*Asks:* 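One structure, as structure tokens, below. Some questions next.
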Amino acid sequence: MFKSIKKYIHTVSHNPSYWNLLYFLSSVFAVNSFKERLLKIRAERNFFKKVGYHTTVARGPFKGMKYPRLKSSYSEMAPKLLGSYEAELFGPLEEITRKEYKQVIDIGCAEGYYAIGLALKIPTSTVYAYDINPNALKMCKEMAIVNNVLNRVHLGERCTNETLKNFKFENTSLIVCDCEGYELELFTNENIKNLNRCDFLIELHDILGLPVKERLLPVFRDTHNIQLISSEVRDPNLYPELEGMEEIEKKIVLSECRDGLFGSRHMEWAYITSKNIA
């Protein structure tokens, strides 16, 4: 059963049409009713108007990063500009941005929130941003241009197990991964030897009944330290920009729509650091 599911993930993950369909369906069904869609449109419109339609991240590790326009890929725009997006990772990201990584690899870079943010915050690094969606790569390039880091950002459509196995890492490197279950294909016992001096920030996707965490983490146990990070509920009172908005609008602006507009699906990330780095 496990081999069949893994084979399925391998097949669909190499098909750009699958990811385009997944993005379309997620954008349609992330909000479960017509009424919720109207609430979402109204709340976002009011928020963007309230902050003057600015396109700069307001807080967090990537404070000051600019977006070309009010548009993101695969995820919600408002939390990213507000600076609440994946706030659970702010602690690890603060630690990460203090390290002088030579190379950063972002697998599933979308419009470049992490790829460009890390390029800004780690000026010693060259960033390799991968996404099989051409539109996402186009947006990532635009982000790199408006933030003046294009000379240190290399874009690629596909990162595979073999890519990582043969990558010429220089000293300490960082790999960020958000690729909907494909992490099982990327990180294996076959390529871990080439990755033993890398740190990782991986979003874990237990999809199709596949125990990603149980299968993936043992690959790193001999060579890395592993810290699991769980999703948390956002407190609207921490964000002055939301003052004066209706309570339901505050929740909508903070929602990352991982399980519907008001859903609270449990998410986990693995912050994995090399034991071989002094």
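The structure displayed is predicted, hence computed values, not measured ones.
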*Asks:* Excluding sequence neighbours, so at least two apart, what forms side chain to side chain donor-acceptor pair (under 3.5 Å) with E241?
*Replies:*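 In terms of side chain to side chain donor-acceptor pair (under 3.5 Å), with neighbours along the sequence ignored, E241 is linked to R59.
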*Asks:* What I'd like to find out is whether the side chain of F169 reaches to under 4.5 Å of the side chain of L195, using heavy atoms alone.
*Replies:* yes
*Asks:* Mind checking ring pair (Phe, Tyr, Trp, His ring centres under 6.0 Å) for H154 and listing every partner two or more places apart, or none if nothing turns up?
*Replies:*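 By the ring pair (Phe, Tyr, Trp, His ring centres under 6.0 Å) rule, H154 matches Y128.
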*Asks:* Between L137 and C109, is there a side-chain heavy-atom distance shorter than 4.5 Å?
*Replies:* yes
*Asks:* Any non-hydrogen side-chain atom of N225 less than 4.5 Å from a side-chain atom of K275?
*Replies:* yes
*Asks:* Return the set of residues passing side chain to side chain donor-acceptor pair (under 3.5 Å) with K250 (not counting sequence neighbours), or none when no residue passes.
*Replies:* E247
*Asks:* Ignoring hydrogens and angles, tell me if any N or O in the side chain of D235 forms a donor-acceptor pair with the backbone of N237 under 3.5 Å.
*Replies:*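 Answer holds: yes.
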*Asks:* Test side-chain contact (heavy atoms from CB on, under 4.5 Å) on N161 and E185; report intermediate values, then the result.
*Replies:* CA-CA 6 Å; N161 178 291; E185 287 278 326; 5.8 Å; no
*Asks:* Membership question, hydrophobic clusters at under 4.5 Å side-chain separation (ILVMFWY): are I107 and L217 in the same one?
*Replies:* yes
*Asks:* Please give me the minimum heavy-atom distance between S84 and Y239, naming the atom from each residue.
*Replies:*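 That closest heavy-atom pairing would be CB-OH, 3.4 Å.
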*Asks:* Show, in sequence, the C-alpha distance, side-chain angles and deciding distance for L242 and L254, and conclude whether the side-chain contact (heavy atoms from CB on, under 4.5 Å) test is met.
*Replies:* CA-CA 9 Å; L242 302 181; L254 288 169; 4.0 Å; yes
*Asks:* Following the transitive rule for hydrophobic clusters with a side-chain heavy-atom cut-off under 4.5 Å over Ile, Leu, Val, Met, Phe, Trp and Tyr, establish whether Y85 and L238 coincide in one cluster.
*Replies:* yes
*Asks:* Under the 3.5 angstrom rule, does the side chain of D131 hit a backbone N or O of A136 as a donor-acceptor pair?
*Replies:*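 No.
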*Asks:* Report the residues that fulfil side chain to side chain donor-acceptor pair (under 3.5 Å) with N151, sequence neighbours left out, ordered by chain and then residue number.
*Replies:*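 Testing N151 for side chain to side chain donor-acceptor pair (under 3.5 Å), a comparison that skips the adjacent residues, returns none.
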*Asks:* Quick one: which residue pairs count as a side-chain hydrogen bond (donor to acceptor under 3.5 Å, both in side chains) with a foot in residues 111-126, not counting sequence neighbours?
*Replies:* Y67-E111, K80-E111, E86-Y114
*Asks:* Return the CG to CD1 distance between L120 and I116, rounded to the nearest 0.5 Å.
*Replies:*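 Between L120 CG and I116 CD1, I get 7.5 Å after rounding to 0.5 Å.
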*Asks:* Applying ring pair (Phe, Tyr, Trp, His ring centres under 6.0 Å), can you list everything that pairs with F200, at least two apart in sequence or on another chain?
*Replies:* F187, F220, H224
*Asks:* Would you mind listing the cluster partners of I145? Hydrophobic ones only (ILVMFWY), side-chain contacts under 4.5 Å, chaining allowed.
*Replies:* L150
*Asks:* Which heavy-atom pair separates M143 from P68 by the least distance, and what is that distance?
*Replies:*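 Of all heavy-atom pairs spanning M143 and P68, the closest is SD-CD, 3.7 Å.
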*Asks:* Please evaluate residues V219 and T188 with respect to the criterion side-chain contact (heavy atoms from CB on, under 4.5 Å), reporting the C-alpha separation (whole Å), side-chain torsions for both, the decisive distance (0.1 Å), and the verdict.
*Replies:* CA-CA 6 Å; V219 173; T188 66; 5.6 Å; no
*Asks:* Establish, from distance only, whether the side-chain atoms of Y74 and D178 form a donor-acceptor pair under 3.5 Å.
*Replies:*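 Side chains of Y74 and D178: no pair found under 3.5 Å.
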*Asks:* How close do L186 and C179 get, counting heavy atoms only, and between which atoms?
*Replies:*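 Taking L186 first and C179 second, the nearest heavy atoms are CD1-SG, 3.7 Å.
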*Asks:* Filter on salt bridge (charged side-chain N to carboxylate O under 4.0 Å, His left out), then keep only pairs touching residues 41-53, sequence neighbours left out; what's left?
*Replies:*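 Salt bridge (charged side-chain N to carboxylate O under 4.0 Å, His left out) check on residues 41-53 returns K40-E44, R42-E246, R42-E249.
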*Asks:* What heavy-atom pair brings K99 and T273 nearest, and what distance separates the two atoms?
*Replies:* NZ-CG2, 4.2 Å
*Asks:* Does T97 use its side chain to pair, donor to acceptor, with the backbone of L93 at less than 3.5 Å?
*Replies:* yes
*Asks:* Shared ILVMFWY cluster between V57 and V51, side chains joined below 4.5 angstrom?
*Replies:* yes
*Asks:* If we only count heavy atoms from C-beta on, is the V176 to L118 side-chain gap below 4.5 Å?
*Replies:* yes
*Asks:* Mark yes or no for whether D199, through its side chain, and L174, through its backbone, hold a donor-acceptor pair below 3.5 Å.
*Replies:* no
*Asks:* Any side-chain heavy atom of R221 sitting closer than 4.5 Å to one from I226?
*Replies:*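 Yes, at least one pair of side-chain atoms sits under 4.5 Å.
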*Asks:* Do you know which two heavy atoms are closest between L155 and C140, and how far apart they sit?
*Replies:*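 Nearest pair, atom of L155 first, then C140: CD2-SG, 3.8 Å.
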*Asks:* If hydrophobic clusters are built by linking Ile, Leu, Val, Met, Phe, Trp and Tyr wherever their side-chain heavy atoms come under 4.5 Å apart, do F90 and L81 end up in the same one?
*Replies:* no
*Asks:* Does M139 share a hydrophobic cluster with Y130, counting links as ILVMFWY side-chain heavy atoms below 4.5 Å and allowing steps through other members?
*Replies:*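 No, it is not one cluster - the side chains of M139 and Y130 are not joined through contacts under 4.5 Å.
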*Asks:* Going from SG on C198 to CG on L164, what distance comes out if it is rounded to the nearest 0.5 angstrom?
*Replies:* 8.0 Å
*Asks:* Where is the tightest heavy-atom contact between N194 and F167, given as atom of each residue plus distance?
*Replies:* ND2-O, 3.0 Å
*Asks:* Restricting to salt bridge (Lys or Arg N to Asp or Glu O under 4.0 Å), what partner residues turn up for E88, sequence neighbours left out?
*Replies:*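 Counting only residues at least two positions away or on another chain, E88 forms a salt bridge (Lys or Arg N to Asp or Glu O under 4.0 Å) with R234.
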*Asks:* Do the side chains of K138 and K141 get nearer than 4.5 Å, heavy atoms only?
*Replies:*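 Result no, sub-4.5 Å side-chain heavy-atom pair not found.
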*Asks:* For atom CD of E100, is the number of surrounding heavy atoms from other residues, nucleotides or ligands below 6.0 Å larger than 12?
*Replies:* no
*Asks:* Verify whether one side chain among T160 and E162 offers a donor that lies under 3.5 Å from an acceptor in the other.
*Replies:* no
*Asks:* With rounding to the nearest 0.5 angstrom, report the CD1 to CG distance, I272 to L228.
*Replies:*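 Nearest 0.5 Å value for the CD1-CG distance: 8.0 Å.
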*Asks:* To the nearest 0.5 angstrom, please state how far the CD atom of E183 sits from the CD1 atom of I175.
*Replies:*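 Separation between the atoms: 13.0 Å.
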*Asks:* List in chain and number order the residues that pass side chain to side chain donor-acceptor pair (under 3.5 Å) with E232, two or more places apart in sequence or in another chain; answer none if no residue qualifies.
*Replies:*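 Per chain and number, E232 pairs via side chain to side chain donor-acceptor pair (under 3.5 Å) with no residue.
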*Asks:* What distance separates T163 OG1 from K165 NZ, expressed to the nearest 0.5 Å?
*Replies:*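 Answer rounded to 0.5 Å: 12.0 Å.
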*Asks:* Does F47 have any ring pair (Phe, Tyr, Trp, His ring centres under 6.0 Å) partners at least two apart in sequence or in another chain, and if so, which?
*Replies:* none
*Asks:* Can you name the ring pair (Phe, Tyr, Trp, His ring centres under 6.0 Å) partners of Y53, sequence neighbours left out?
*Replies:* none
*Asks:* What's the verdict on side-chain hydrogen bond (donor to acceptor under 3.5 Å, both in side chains) for N133 and S73, showing C-alpha distance, side-chain angles and the deciding distance?
*Replies:* CA-CA 10 Å; N133 184 335; S73 179; 4.8 Å; no
*Asks:* Roughly how far apart are L201 CG and I229 CD1, rounded to 0.5 Å?
*Replies:* 6.5 Å
*Asks:* So V212 and L184, do their side chains get closer than 4.5 Å, heavy atoms only?
*Replies:* yes
*Asks:* Measure the shortest side-chain to side-chain distance between V253 and N46 over non-hydrogen atoms and say whether it is less than 4.5 angstrom.
*Replies:*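 No; the side chains remain at least 4.5 Å from each other.
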*Asks:* Start with the C-alpha gap between R197 and T172, add the side-chain angles, then the distance that decides, and say whether side-chain contact (heavy atoms from CB on, under 4.5 Å) holds.
*Replies:* CA-CA 6 Å; R197 290 185 60 82; T172 307; 4.0 Å; yes
